[in-house]
Each structure stands twice: as structure tokens, then as C-alpha cells.
Amino acid sequence: MRGTTSTDSALKRARQELSLTLEEAAARLNKETKGGTDASLLSAWESGRKRTGKKNRRALCDLYRKRQEDLFAHQDGRDTTVSEATGTDVEVRTLTRYTDLIEAMVQVTAGAREHLVVMGSRSREMSYLTAIETAVAQQPDLVHYRVLQGPPRHEELADHLVRLLELREPGERRNGVRTLRIGVVDQRRAMERSFVASESAAVVPLPSFYGVDGFDCGVLLGPEAAIGLVQHGREAFASARPVETLEAVRALRGRHGTTS
């Protein structure tokens with residue numbers, strides 16, 4: 001790996017970790033985006049002289065296998081990420097806006113490669129539910145757990161469960177492993193929990209900081225906590241009642257007055 005200094009941005013360090021020149025990284029980026037990024041523009045992004053757009057941010061995250069909040073901290077007015085400041089993988093970032101919460105949940109979902117564990121029965125944000133469906137459709141080896149705590153609270157979630165069952169047959173196995181597992185825990189016997197976790201990051205929604213209604217804030221956690229939550233969800237599924245057929249989903253709908 002080429003030499004780095006403490007003043008290098010995370011974006012530059014990520015490129016150097018892959019031993020890529022500016023020209024090589026720009027070529028790989030353009031292959032994904034069909035854009036016209038050159039070495040000079042990439043250098044300006046790395047130094048913070050110019051700000052990277054949304055499309056190129058997503059592509060660079062995929063290329064370097066890093067999260068946006070890490071790669072672009074220097075462009076967004078943050079000198080260091082939380083993990084860099086603490087020197088540990090136990091990263092905690094507070095999400096105080098609903099848009100930030102949903103964006104982080106979508107990023108965790110999109111970044112999952114081995115496991116994607118989702119707990120809770122309140123999901124209704126379509127961009128987030130669609131991101132889960134896209135991950136399941138595009139990554140056949142991804143093991144997805146959805147652990148409900150009681151019936152779905154909203155019609156959007158019930159419809160999402162139907163689409164998951166249409167995308168994958170729960171009984172099918174990849175490399176000897178079942179890759180879709182949906183279950184429901186009796187909400188009378190279990191403390192309500194809600195989170196999304198992959199092998200590298202997790203988001204835990206929190207009650208609103210601004211009023212008594214809703215869960216529009218949260219915390220973004222790094223790899224060490226995320227791995228723990230993946231295991232938490234797997235253990236919760238072990239005590240859940242499987243929901244593996246369209247008939248089972250319809251029965252859940254009938255047990256709760258789901259609303260839109």
C-alpha cells in the first residue's frame with residue numbers, strides 16, 4: 001500500500017488501500033457510472049476542493065466497500081468520523097432527522113453482503129422496504145432474517161412480506177443454508193425491539209426527540225455492535241413462529257387491523 005499521512009482524507013486512504021492510482025480509480029468509477037471522472041477531479045474530491053455528487057458517492061462506496069459518512073466526512077464539514085476519533089469499531093452516530101434515519105437504514109441494507117437482519121413490525125417507509133427487496137433479489141447468497149414482533153402494524157409491511165416470499169422460496173438453500181427466514185414473536189411475551197443490521201453496520205431507531213409520536217431518530221452503529229445485533233436477531237428468530245407462506249402472511253393481516 002502506498003504511504004499515507006494523517007492529513008489524508010478517508011476517500012484518499014480508501015483508494016490507496018486498494019493500491020489504485022488516481023487514473024485507475026477514475027476508470028473503475030466511470031465503468032460503473034458511465035461518467036467522465038478523471039484523475040484531476042478525483043484528486044479534488046479527495047482533497048475536499050470539490051464535493052462529490054450523489055451518484056458518484058454511491059459508486060465510490062461500492063468500489064471501496066466503505067460507508068458514505070466515512071468516505072466523505074472531509075467534504076461534509078466533519079474533520080473525522082466517530083470511529084477515527086475513538087480508534088475503535090464501536091462507532092456511534094446519532095441520527096436526529098427522519099431523512100437521515102431512513103438514509104442510514106437504506107445504506108446498511110445496501111451494504112449487506114452476508115447477513116441482513118431486520119427486527120420489528122412497524123416498517124412502512126417504501127424506500128427502505130424496496131432496498132431490502134433489491135438486496136434479496138440481487139444477492140442470492142445474502143441470508144435475510146425478518147423477525148416480526150406481533151403482526152405487521154402497517155399494510156406496507158404486510159405487502160413487503162408478500163413480495164419477499166415471491167422473490168425467494170423460504171425452503172430453498174444456497175450452499176446448504178436457508179437464505180430467507182421470516183418469523184413472528186408473540187408480542188405479549190417479548191420486549192419490542194426494532195433494528196436493521198448487517199455484518200458491518202446497524203441502525204437502531206429511537207423514539208422521537210421532538211414529540212411523543214413516532215420513531216424518527218436513531219443511532220448508527222459500527223461493525224462490532226452490528227455483529228452482535230445480527231446474532232441477537234438470529235437468536236430471536238430461533239424462538240419465533242415461522243411465516244413462510246402467503247397464507248401465513250394473510251393470517252397475520254387478519255389478526256391485526258393494519259392501516260396505511
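None of these values were measured; they are calculated from a predicted model.
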Could you state the interatomic distance from [atom1] ([X]) to [atom2] ([Y]), rounded to the nearest 0.5 Å?
X: Leu206; Y: Leu101; atom1: CG; atom2: CG; value: 8.5 Å
X: Thr21; Y: Gln16; atom1: OG1; atom2: CD; value: 11.0 Å
X: Asp100; Y: Thr94; atom1: CG; atom2: OG1; value: 11.0 Å
X: Thr33; Y: Arg28; atom1: OG1; atom2: CZ; value: 14.0 Å
X: Thr96; Y: Asp216; atom1: OG1; atom2: CG; value: 9.5 Å
X: Gln139; Y: Thr179; atom1: CD; atom2: OG1; value: 11.5 Å

Margin query: With side-chain contact (heavy atoms from CB on, under 4.5 Å) as the test, pick out the partner of Ile132 among Leu167, Thr109, Val196.
Written below: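 For Ile132, the side-chain contact (heavy atoms from CB on, under 4.5 Å) check succeeds only for Thr109.
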Could you check if a side-chain atom of [X] sits within less than 4.5 angstrom of a side-chain atom of [Y], using non-hydrogen atoms only?
X: Tyr128; Y: Ser123; result: yes
X: Pro170; Y: Ile182; result: no
X: Val118; Y: His144; result: yes
X: Ser43; Y: Arg49; result: yes
X: Glu133; Y: Leu164; result: yes
X: Glu32; Y: Asp62; result: no
X: Glu199; Y: Val230; result: no

Notebook entry, point to check: Can you tell which of Gln68, Arg57, Gln75 makes a side chain to side chain donor-acceptor pair (under 3.5 Å) with Thr52?
Noted result: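 So, applying the side chain to side chain donor-acceptor pair (under 3.5 Å) to Thr52 and each of Gln68, Arg57, Gln75, only Gln75 qualifies.
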Notebook entry, point to check: Should the heavy atoms of other residues, nucleotides or ligands under 6.0 Å from CZ of Arg97 be counted, would the total exceed 12?
Noted result: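 Count not over threshold, so no.
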Next item on the list: Assess whether side-chain contact (heavy atoms from CB on, under 4.5 Å) is satisfied between Arg93 and Arg67, documenting all intermediate values.
Entry: CA-CA 13 Å; Arg93 176 186 167 199; Arg67 297 198 306 277; over 6 Å; no
Note to self: Tell me the closest heavy-atom pair linking Val147 and Gly233, and the distance in Å.
What the structure shows: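 That would be CG2-O, 3.7 Å.
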Item checked: Nearest heavy atoms of Val117 and Leu229, plus distance in Å ->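 Nearest heavy atoms, Val117 then Leu229: CG1-O, 4.5 Å.
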Taking the side chain from [X] and the backbone from [Y], do they hold a donor-acceptor pair closer than 3.5 Å?
X: Ser194; Y: Gly120; result: no
X: Ser9; Y: Glu46; result: yes
X: His160; Y: Met126; result: no
X: Glu69; Y: Ala104; result: no

Next item on the list: Apply side-chain contact (heavy atoms from CB on, under 4.5 Å) to Leu11 and Arg15, showing your working.
Entry: CA-CA 7 Å; Leu11 185 61; Arg15 172 177 59 81; over 6 Å; no
Notebook entry, point to check: Given the rule in the side-chain contact (heavy atoms from CB on, under 4.5 Å) test, do Glu103 and Ser127 qualify, once you have shown the distances and angles that lead to the verdict?
Noted result: CA-CA 9 Å; Glu103 180 181 0; Ser127 61; over 6 Å; no
Check: So which of Arg178, Arg146, Arg168 actually passes salt bridge (charged side-chain N to carboxylate O under 4.0 Å, His left out) with Glu244?
Finding: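 For Glu244, the salt bridge (charged side-chain N to carboxylate O under 4.0 Å, His left out) test succeeds with only one of Arg178, Arg146, Arg168, which is Arg178.
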